[in-house]
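Proteins get letters first, then strands, A, B, ... in listed order; numbering begins at 1 in each. The structure displayed is predicted, hence computed values, not measured ones.
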Amino acid sequence: MLDIQFIRNNTDLVKTSMANKGETDTSIVDQVLEIDSHWRQQVTEVESLRQESNSRSKEIGIMMAQGKKEEAQQIIKETGEMKEKIKDIEESSTDLKNKRDDLLLRIPNVAHESVPVGRNEEDNKVHATWGEPMKKTWHLPHWEIAEEHGWLDFKRGSKVAGAGFPFYLDGVARLQRALISFFIDKAVEKNYKEIQAPFFVNEDSARGTGQIPDKEDMMYVIPRDEFFAIPTAEVPVTNYFRDEIIQDNELPIRLVCHTPCWRREAGSYGKHVRGLNRLHQFDKVELVKFVHPDHSYDELESLKRDAEELLEALKLPYRTLLMCTGDMGFTQTKKYDLEVWSPGQEQWLEVSSCSNFESFQARRMMIRHRDKEGNVSILHTLNGSGLALPRVVAAILETYQHENGEVKVPEVLQSYFGREYL
RNA sequence: GGAGGGAUGGCAGAGCGGUCGAAUGCGGCGGUCUUGAAAACCGUUGAGGCGAAAGUCUCCGGGGGUUCGAAUCCCUCUCCCUCCGCCA
């Protein structure tokens with residue numbers, strides 16, 4: 001959610017940014033401002049009425065104390081009438097405020113000036129590349145090599161849960177466990193605090209991080225108990241500090257959290273969802289930061305590096321994309337995607353997305369910080385995957401594959417894995 | 001799941017239905033004193049909305065109600081604590 005004052009003062013910027021993100025109809029901004037000014041009028045009106053009524057009521061108290069009952073009765077009659085009036089106007093003003101805030105939630109975040117303007121993924125900028133994408137020779141796609149070894153069971157996954165809920169076995173199960181430990185350990189080395197979070201959240205939390213109302217359909221819902229299955233650890237971990245004020249000397253706060261992630265992925269079928277490319281449930285290690293507004297872009301760069309270094313340690317060639325305005329999403333001001341090379345499929349697979357939200361999420365969640373002078377203001381939040389498991393597993397199965405079908409364990413993982421081959 | 005108790009500012013903890021946005025203590029910040037620090041003393045210190053400002057309004061877990069007036073009374077929800085039951 002953007003600051004209403006910011007929208008008042010930067011109306012054109014908000015509209016332009018909205019258009020750059022691909023929203024053709026920007027009239028919602030004008031609607032918000034119109035309702036807002038109407039609301040402010042009514043607030044002023046209610047307040048002056050209430051002021052009068054408050055001071056009259058105080059007089060009553062004094063008169064009662066002095067025993068002037070008849071005079072008090074007269075004022076009681078007057079304030080009674082005012083009360084009716086206040087109730088009327090107040091009703092319509094809270095109505096306006098709700099309407100305004102509903103619309104406000106539908107205005108996307110403003111992109112940072114360093115973000116390239118563009119329509120879709122073709123306009124993203126390659127920000128960095130690392131390693132040489134391996135040519136496909138004998139390399140099998142991961143689902144084939146995994147089948148040969150009995151490492152993945154999609155069939156039984158479908159039987160037991162449904163498509164997109166595979167079983168992992170033996171070498172791959174062990175590999176995932178090793179990766180999770182490795183990712184968390186690396187993050188802890190870089191001063192992220194390890195945290196384990198609830199896998200279900202309530203509606204307030206889902207709204208806080210912006211899954212509601214924008215991306216409701218991505219989540220699984222447990223209606224009886226009014227829970228949402230988390231689509232990413234971002235949701236519970238960012239909401240950890242909801243409605244709190246953090247002292248400046250405690251910032252930045254960096255957290256690392258491993259969770260399963262559930263995504264409905266409605267409407268995506270076909271080739272690009274084969275194997276581990278796209279699942280309804282997958283594991284991910286997530287990095288989340290709460291930072292002082294002055295430092296959020298530095299923190300974004302270091303966040304991105306933290307994720308990149310994981311791929312470098314695994315010796316998996318990757319590229320980093322700076323996402324353009326049109327491909328960026330509703331809540332971010334700037335976003336990098338990390339894509340790992342999949343030699344068996346000869347394509348790039350997204351394994352991390354590192355974003356700065358500035359105050360957009362924190363404002364919804366009322367996460368604030370207090371400086372030394374005691375001033376309170378909204379802080380900035382960021383998050384990035386470090387990393388999403390299945391596609392990293394896919395890349396390892398394909399990249400570390402020998403011609404004889406053996407798959408080697410990446411060197412940095414061997415101490416976690418306990419042996420040299422899967 | 002059953003029975004009872006509770007929720008007040010960063011923390012602890014007061015608060016007859018009327019000048020209570022809230023005593024007091026601790027903590028924080030500023031100052032005096034000191035070579036420096038501690039101690040002591042003085043001052044200051046919740047959040048939010050509207051407003052250029054003066055100011056004003058709202059908030060004592062959430063929501064609703066009674067009343068001219070609610071932190072204080074009533075209803076309801078949530079959460080926490082104690083006891084019983086169940087349980088990895």
> Are A:Arg370 and B:rA47 close enough that a side-chain N or O sits under 4.0 Å from OP1 or OP2?
Replying inline: yes

Whole-Å [atom1] distance, [N] and [M]:
N: B:rG21; M: B:rC59; atom1: C1'; value: 9 Å
N: B:rG85; M: B:rA14; atom1: P; value: 33 Å
N: B:rG28; M: B:rG46; atom1: C1'; value: 13 Å
N: B:rG61; M: B:rU8; atom1: C1'; value: 10 Å
N: B:rA40; M: B:rG25; atom1: P; value: 13 Å
N: B:rC60; M: B:rA23; atom1: C1'; value: 14 Å
N: B:rA70; M: B:rG62; atom1: P; value: 16 Å
N: B:rA37; M: B:rU32; atom1: C1'; value: 15 Å

Nucleotide opposite [N] in a Watson-Crick or G-U pair, distances under 3.5 Å:
N: B:rG18; result: B:rC68
N: B:rG55; result: B:rC50
N: B:rG27; result: B:rU45
N: B:rC83; result: B:rG2
N: B:rG36; result: none
N: B:rU78; result: B:rA7

> Does a side chain donor of either A:Thr209 or A:Glu234 reach within less than 3.5 Å of an acceptor in the other side chain?
Replying inline: no

> How about A:Glu309: does its CD atom have over 12 heavy atoms from other parts shown lying under 6.0 Å from it?
Replying inline: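 Counting neighbours around CD of A:Glu309, more than 12 heavy atoms of other residues, nucleotides or ligands fall under 6.0 Å, so yes.
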
Check whether [X] reaches the backbone of [Y] with its side chain - one donor and one acceptor, N or O, closer than 3.5 Å.
X: A:Arg56; Y: A:Thr79; result: no
X: A:Asn10; Y: A:Phe6; result: yes
X: A:His295; Y: A:Val291; result: no

In whole Å, I'd like the distance from the [atom1] atom of [X] to the [atom2] atom of [N].
X: A:His369; N: B:rG10; atom1: NE2; atom2: P; answer: 17 Å
X: A:Gln247; N: B:rC29; atom1: CD; atom2: P; answer: 10 Å
X: A:Ile245; N: B:rG10; atom1: CD1; atom2: P; answer: 7 Å
X: A:Ile246; N: B:rA47; atom1: CD1; atom2: P; answer: 15 Å

>> Taking the six-membered ring of A:Tyr400 as reference, does the cationic atom of A:Lys408 (NZ for Lys, CZ for Arg) lie under 6.0 Å from its centre and within 45° of its axis?
In response: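 No, A:Lys408 does not lie over the aromatic ring of A:Tyr400.
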
>> With rounding to the nearest 0.5 angstrom, report the OG1 to CG distance, A:Thr333 to A:Leu300.
In response: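 It comes to 7.5 Å.
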
Validation: residues 167-176 of chain A side-chain donor-acceptor distances under 3.5 Å, sequence neighbours left out:
{"residue": "A:Arg174", "atom": "NE", "partner": "A:Phe417", "partner atom": "O", "Å": "2.7"}
{"residue": "A:Arg174", "atom": "NH2", "partner": "A:Phe417", "partner atom": "O", "Å": "2.8"}

>> How would you summarise protein contacts on nucleotides 48-75 of chain B per nucleotide, using B for base, S for sugar-phosphate only and - for none, with heavy-atom distances below 4.0 Å?
In response: SBSS----BBS---------BS------

